[in-house]
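Just the heavy atoms: all of them, side chains too, but no hydrogens, waters or symmetry mates, feed the values below. Numbering of ligands and ligand atoms starts at 1, following listing order. Quick caveat: nothing in here was measured; it's all calculated off a predicted structure.
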Amino acid sequence: MHEAAHKPERRFSALAVSRGIGIGRVVFLHGEKRQFFRVDLNEHQVGTEIDRFWAAVEQSVGQLHELATNNGPDLHNDVSSIFGVHLLIIEESSLVEKIKTVINDKKVNAEWAIKVVADQYLEKQLAVADGRFREKHLDIEDVAERLMTALGGSPSKAEPAYSGAVVVARELRPSAIIELAKSNPAALITERGGWTSHTSILAREFKLPMASGIRNLSKLFGHGDHVIVDGIQGEVIRNPRIETVEHFRGIRQHNSTVGSPPLAGEKALATIDGAQIAIRVNVDLPDGYTYARTLGARGIGLFRSESMIGNLGALPSEDEQFEVYRQIADAAGEDRVKIRTFDIGPNHFERRRSVEGNPSLGLRSIRLSLSETSDFRIQIRAILRAAVDKNIDIVLPMVSGISEIERSRSILDEERAKLEQTGIPTGYPKLGAMIEVPSAVMTAHEIAQKVDFLCLGTNDLVQYLLAVDRDNDAVAEWYQSLHPAVIRAISEVLAAAKSAAIPVAVCGEMAGSPFYVPVLIGLGVRELSMNVTSITQVRRLVSGITLADSVALIESIKTAETADQTEHLLREFYLENWNHLFPPGLLDSKHR
Ligand code: PEP
Ligand code: MG
C-alpha cells in the first residue's frame with residue numbers, strides 16, 4: 001500500500017476553472033519560463049541522463065568563459081566579473097556535484113535535480129540574515145537557469161509519467177496545456193489562473209478537470225500523493241479515504257453518462273418560441289471546426305491567430321500564415337471564419353520582456369500591431385491573399401475607439417493596392433472590432449458605423465470594466481460577469497449594433513456557459529461563439545427555453561444591485577423552471 005494512504009484526508013478549497021472530476025497521483029511541473037516535469041528514471045537510464053547533464057555543464061562553461069573574458073566596448077567590467085562568479089559557481093562549488101548525486105541517487109531527470117539543489121541553496125540562504133548572502137541566491141538561480149537552457153537543447157529521452165496523473169504547477173502556460181493534453185492527465189492544479197485565463201479556456205477545451213488558486217502547492221503536495229480534483233465545486237482532496245474516492249467516482253461516472261444528446265445534424269437552433277440562435281465556435285484548427293460542425297456549429301466566430309505563434313515567440317512568415325488561413329477558411333467554407341489579428345503582448349517577445357510592468361494595459365493587441373506596422377502588414381497581406389474566393393473576415397482586438405479602426409483600414413487598403421499593383425489577387429474580408437474595453441462600449445455607436453460587425457469579448461470586457469485581472473485568482477471574487485455594469489455594457493453594445501444594423505456576436509466564455517446564456521438571449525444576443533466542448537450543452541439549453549421567459553428574466557434582474565443578487569435570482573428561476581436543462585451540478589456552483 002502507498003504510504004500516503006496512512007495519512008489523514010485533507011481538503012483544500014479552490015477555484016473550479018474546468019469542470020470534471022480527476023483522481024490520480026501528483027506529478028509536478030516546474031519552471032516559470034520553461035516548464036518541466038519530474039521524470040522517474042529506470043536504472044539503465046541514469047547514466048545517459050548524467051551524460052546529458054555533463055554536456056549541459058560543458059556548454060554553459062563555454063558560454064561563461066566567453067562572457068567573462070569578453071571585455072569589449074559593450075561589456076562593462078562589472079558585468080564580466082558577474083559571469084566570472086557564475087563560472088566559479090559551476091567550476092569550483094559543489095553545485096554540479098550535488099546535482100549529479102541527486103540524479104544518481106533519486107533516479108530523476110537533470111532538470112528536476114537542478115531544481116531540487118537550487119531550492120536547497122535558496123532555503124539555506126534565506127535563513128541567513130545578511131543581505132549579501134541572500135543576493136548570492138540570484139547568482140545560483142542564474143546558473144541553474146543557464147544549465148536548464150543548455151538541457152533544453154537535448155530533451156530527456158525518458159518519458160514523464162503524467163498520463164492519468166494529476167499535474168501540479170504554480171502556473172501553466174497555454175502551450176504546456178497543449179503538450180500535456182496529448183498524454184491525457186487526470187486533472188490539473190495550479191496556484192494561479194482565473195476562469196477566463198487562456199490556460200483555463202484550453203483546459204475546458206481538452207476536457208481536463210482543473211482547480212486553481214491554492215497557494216504553496218509544493219509545500220502542500222508531494223510527488224506521488226493521491227489526490228482528487230473536484231473541478232465542479234472547486235476542491236482538492238489530498239489522501240482521500242476509500243469512501244471519498246468511491247463518492248467522487250460515482251459523480252464522475254454520472255457526469256460522463258448524463259445529458260449527451262445525439263449529434264445536432266442540420267437542424268437550425270431556436271428557442272421553443274422560435275428565436276433563432278446561431279452557434280459559432282472558437283477554434284484554431286481546421287479539424288476542430290469539422291468536428292464542431294457535426295455538433296451544430298455554423299461558422300468560426302473566433303480564430304485566435306496568435307495560436308500560430310510557437311513557444312519561442314517567433315511570428316510565422318506571410319506564406320506560412322497564408323497557408324494556415326487558407327486551410328481554416330477551407331474548413332469553414334460557406335460558414336465563414338473570423339480571423340482575429342494578433343492579440344499578443346510584449347511578453348511574447350523575449351527582447352521586450354522586461355520593459356512593461358503592466359502588460360494588460362500596455363503595448364499589446366491592436367496597439368502593438370499599429371506601433372510596429374511591419375508585422376501587422378504581413379498579417380494583413382496574408383489574410384487578403386487567403387481571402388480570394390474564401391469567406392474570411394478580420395477582427396481587430398482591444399480596440400479602444402474609432403481611430404484604431406481607421407488606421408487599420410488604411411493599412412488594409414494600402415496593402416491591397418500594393419498587392420494588386422504586383423498582380424497578386426486579393427479578397428474582400430469584412431472588418432469587425434472586438435468590444436472588450438470600456439471606452440469601446442461607450443463609443444460603440446461610433447464604432448458600429450465604421451465596421452461590418454462587432455464581437456463582444458466578455459473575458460476582457462469584465463476584466464477592464466471592473467479593473468480585475470482575469471488571470472489572477474486572488475481577485476476571482478471580483479471577476480463578476482453578472483455585475484450590473486457588465487449587463488448594462490452588453491446592452492449598450494447590442495443597441496449600438498442594432499441601430500447600425502450590423503451583426504454582433506458574443507465570443508467570450510459567457511457565451512459557452514449555460515448559466516449566462518439565457519441572460520444573453522434575453523438581452524438580445526442571437527449569435528454565440530464558444531469552445532467546442534460547450535456546444536452540446538448550450539444547444540440543449542437553448543432548445544428548451546423560451547425567448548419570452550429570457551426577456552422576463554432580464555426584467556426581474558434589473559432590480560438587482562449586485563452580481564450576487566443577480567446570481568441568486570437566476571438560480572432560483574433556473575431551479576424552478578429549467579433544472580433539467582443544466583449539466584449536473586452546474587447550478588450548485590458559484591457563477592458570478
Ligand atoms: C475575450 O476577451 O472575451 C475574448 C474572446 O478573447 P480572449 O479570451 O482571447 O482575450
Ligand atoms: Mg480578449
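The aromatic rings of H591 and F515 lie parallel to each other, their planes meeting at an angle below 30°, with 60° marking the opposite boundary.
Using a 4.0 Å cutoff on heavy atoms, H198 counts as a contact of ligand 1.
Using a 4.0 Å cut-off between a side-chain N of Lys or Arg and a carboxylate O of Asp or Glu, E446 and K450 do not qualify as a salt bridge. The existence of a salt bridge linking R326 and D389 is excluded, since no basic side-chain nitrogen approaches an acidic carboxylate oxygen closer than 4.0 Å. A salt bridge is defined here as a Lys NZ or Arg NE, NH1 or NH2 lying under 4.0 Å from an Asp or Glu carboxylate O, and D284 with R340 fails to meet this definition. At a threshold of 4.0 Å, the pair R336-D393 counts as salt-bridged, since one of the basic side-chain nitrogens sits closer than that to a carboxylate oxygen.
Close approach to G508 involves these atoms of ligand 1, each under 4.0 Å from a residue heavy atom: 3 (O), 5 (C). Atoms of ligand 1 found under 4.0 Å from any heavy atom of C507, numbered from 1 in the order shown, are 5 (C). Below 4.0 Å from some heavy atom of E436 lie the following atoms of ligand 1, by number and element: 1 (C), 2 (O). Remark: ligand 1 atoms within the under-4.0 Å shell around heavy atoms of D460 are 1 (C), 2 (O), 3 (O), 10 (O). Ligand-side atoms of ligand 1 in range of L302: 5 (C), range being under 4.0 angstrom from any heavy atom.
At a heavy-atom cutoff of 4.0 Å, ligand 1 is contacted by no atom of L456, backbone or side chain. By the criterion of a heavy-atom distance under 4.0 Å, the side chain of R340, and not its backbone, is placed next to ligand 1. The proximity of R304 to ligand 1, defined as any non-hydrogen pair under 4.0 Å, is limited to the side chain.
No other N/O/S atom of D460 lies as close to the Mg ion (ligand 2) as OD2 does. Nearest N, O or S atom of E436 to the Mg ion (ligand 2): atom OE1.
Checking only distances, T196 never comes within under 3.5 Å of ligand 1, N or O to N or O. Between R470 and ligand 1, at least one N/O pair is under 3.5 Å apart.
Of the protein's non-hydrogen atoms, N459 ND2, 3.7 Å is the one closest to atom 4 (C) of ligand 1.
Judged by the 6.0 Å distance and 45° axis criteria, K390 is not positioned over the aromatic ring of Y325.
One side chain, Q379 or S305, offers a donor N or O that lies under 3.5 Å from an acceptor on the other. Side-chain N/O atoms of S513 and E509 include no donor and acceptor closer than 3.5 Å.
The salt bridge (charged side-chain N to carboxylate O under 4.0 Å, His left out) test with D335 is passed by exactly one of R293, R280, R298: R293.
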